[in-house]
J.: 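One structure follows; several queries about it will come next.
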Protein chains: 2
Amino acid sequence: MGIRRARAAETRGALMDAARRLFAERGYLNTKITDITAAAGRSTGSFYEHFADKDELLREMAREMEAQGDSVIDTENSAEHDLSDRQQLRDHVAGGWTVMRDHLGVVVAHLQSAIAAPPESRQMWRALVNQTTEFRDHLEYLRVRGHPLPGDPTVVAAAIGAMLSLFGYAALTAGEPVASDDEIVDTLTDLLLHGLAGPPIAHGSESGNKSGDEPEE
Amino acid sequence: MGIRRARAAETRGALMDAARRLFAERGYLNTKITDITAAAGRSTGSFYEHFADKDELLREMAREMEAQGDSVIDTENSAEHDLSDRQQLRDHVAGGWTVMRDHLGVVVAHLQSAIAAPPESRQMWRALVNQTTEFRDHLEYLRVRGHPLPGDPTVVAAAIGAMLSLFGYAALTAGEPVASDDEIVDTLTDLLLHGLAGPPIAHGSESGNKSGDEPEE
DNA sequence: GTCTATATACCGATAGAC
DNA sequence: GTCTATCGGTATATAGAC
C-alpha cells in the first residue's frame, strides 16, 4: 500500500474521529465542516476530497458503526424472542443503551438530523419505524402466540423506540449521570415490561429503588 | 382603541398565525423569518417591531398556548391522582395528545429547538424534566402510598415524557394517520399501564386479584 | 491529496423614508 | 408601524497552486 493511500486513509480517519467527538459535544447541526477539519488538523478543502458533504460523512459513520456489529436497536435475527420475558427484554434495552453510549456522536447526529428535517418530509416517523423493525417482528411473534399487546405492533414498537431514543439522548447528554447505567436499564425494562401498575403481586417486592440523585430543573 | 394599535395587533396576530402554520408544516428550524413575514403578507422589517427574534416569537406562542389553559403535559394540580388507575392515566395521555394535535406548530418548534441545541447545553434533559414535573409528583404520590414504581420518579416521568414527545411528533407529522386518535391513546395508555406483559389476566386494578398471567410454553 | 484563497449564497438584523 | 434597501456575518463548496 502506497504512502499516499495511507496518508489519505489517515486523513479520512482523522476527520471521522474528529467528527465523532464534535458531534457528541456540540451536536451535528452546530458543528461546521471547518470545525471538523480544524479539529482534525487538516484544511477545509481536504474534507471534500473524502466526503461530498456533512450528510455523507454521517452516513459513512453509521455504516462503520453497523459494520462493527452494533445497530441502533438490536441485531439478533433469531426472531424467536420473547419480549415478555424480563431477561430477554432487558438484554434488548441494555443493548440499545450500550450502543447509544459507545456511539453517542453518531446517535446524536442521527436524531438531530432527523428532527431538523421539515415535518412534512415525514422523516421522523420513517426513522422510528425503520429503527424498530426487529422489535416489531418480535412483538408480532408474541401476538401470534396469543399474547395480548397494547396495540398494533408497529405503533407499540415505534413508541418504545421513541422513548429509548429521546430519553437516551437527553440522559446521555445531561452532563452528570442521571443514574447508573444499570439503574436506568432496569427502570426502562420494568417500565416497558409491567408499566406503572407494576408486576402482578406475588410477594409485593419493594420497589427497592433509591437514587439520591436529584436532577434539578 | 386607535386604528394604529388595532393594525399593530393585527400584524402581530398575522405573524403568529403564519408562524404556527409554517412551523407545523416546514418546522421551526427551516422556517426563515422572511418566510413568516411573506406568509403573513408583511415586510421583513415589520417582524422586528413585534419580536426580537424567532426565539422570542416561539416563547410568545407558548405563553399564548398556556394562557388558553393547555399545557404540554397536564395542568391538574390536584396531585391526588392515581396513575395506576387506567381512567386517570388515560385522561393524562389523552390530554397530552390533544394538546399536541391542537398546537402542533408550537410543539414541533419546541422539540426541534430543544434537540437542535448543542448537547453540552443539556437543554433536552432540562426540557424533559420540566415538562413532566406534574407527572413526577403524581408518581411520588403513588410511591408514598406504597405503590411500587419501575424506578426513580424523575427518571420514569422523563422516560414517559420522551415517549409521548417524540412519538407524538413522529405520528402527527407522519402524513397519513398512523391510527385513530382513540387507538393511539389506548395503545399508549395500556403500554404505560401494564407494559408488554399485559394486564393480569382478569383486568383488576391493583387489587389482590390473583395474577399468574404468564405466556405459556 | 493537501493546501490557501475565494466565490457564492443565504439569513438575521438594521437604517431610514414614509 | 410599515415599508424598501442593505449591511454584515457566516457557512458551503470550489479553484488552482503545490
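Below, chain A is the first sequence line, B the second, and so on; all start at residue 1. Note that the structure is a prediction, hence the values are computed from the model and not measured.
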J.: How are the rings of A:Trp97 and A:Phe167 set relative to one another: parallel (under 30°), tilted (30 to 60°) or perpendicular (over 60°)?
T.: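 A:Trp97 vs A:Phe167 ring planes: tilted.
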J.: Between atom CG in A:Leu57 and atom C1' in D:dA13, what is the gap in whole Å?
T.: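 That distance rounds to 15 Å.
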J.: Between C1' on D:dA15 and CD on A:Glu49, what's the gap in Å once rounded to a whole number?
T.: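 For the pair A:Glu49 CD and D:dA15 C1', the rounded distance is 13 Å.
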J.: Please enumerate all residues that pass ring-ring contact (aromatic ring centres under 6.0 Å, His included) together with A:Tyr169, with sequence neighbours excluded.
T.: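 Partners of A:Tyr169 under the ring-ring contact (aromatic ring centres under 6.0 Å, His included) test: none.
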J.: I'd like to know if B:Asp152 pairs up with B:Arg136 as an ion pair, taking the criterion as any Lys NZ or Arg NE/NH1/NH2 lying under 4.0 Å from an Asp or Glu carboxylate oxygen.
T.: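 Salt bridge: no.
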J.: Decide yes or no on salt bridge (Lys or Arg N to Asp or Glu O under 4.0 Å) for A:Arg21 and A:Asp35, but give the supporting numbers first.
T.: CA-CA 11 Å; A:Arg21 194 177 70 251; A:Asp35 295 335; over 6 Å; no
J.: Can you build the contact string for nucleotides 3-18 of chain C? Use B for base contact, S for sugar-phosphate-only contact, and - for no protein heavy atom under 4.0 Å.
T.: BB------SSBB----
J.: Grab the CD-P distance between B:Glu10 and D:dT2 for me, whole Å please.
T.: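 In whole Å, D:dT2 P lies 9 Å from B:Glu10 CD.
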J.: Could you give the CZ-to-P distance, from A:Phe51 to D:dT14, as a whole number of Å?
T.: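 Going from CZ in A:Phe51 over to P in D:dT14 covers 16 Å.
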J.: How far apart are the closest heavy atoms of A:Thr187 and B:Gly151, and which atoms are they?
T.: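 Nearest heavy atoms, A:Thr187 then B:Gly151: OG1-CA, 3.6 Å.
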J.: Is any NZ, NE, NH1 or NH2 atom of the basic residue among A:Asp190 and A:Arg90 found under 4.0 Å from an Asp or Glu carboxylate oxygen of the other?
T.: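 Looking at A:Arg90 together with A:Asp190, the answer is no, because their closest N to O distance does not fall below 4.0 Å.
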J.: Take the protein atom CZ of A:Arg12 and the nucleotide atom C1' of C:dT2, then report the distance between them rounded to whole Å.
T.: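 These atoms are roughly 17 Å apart.
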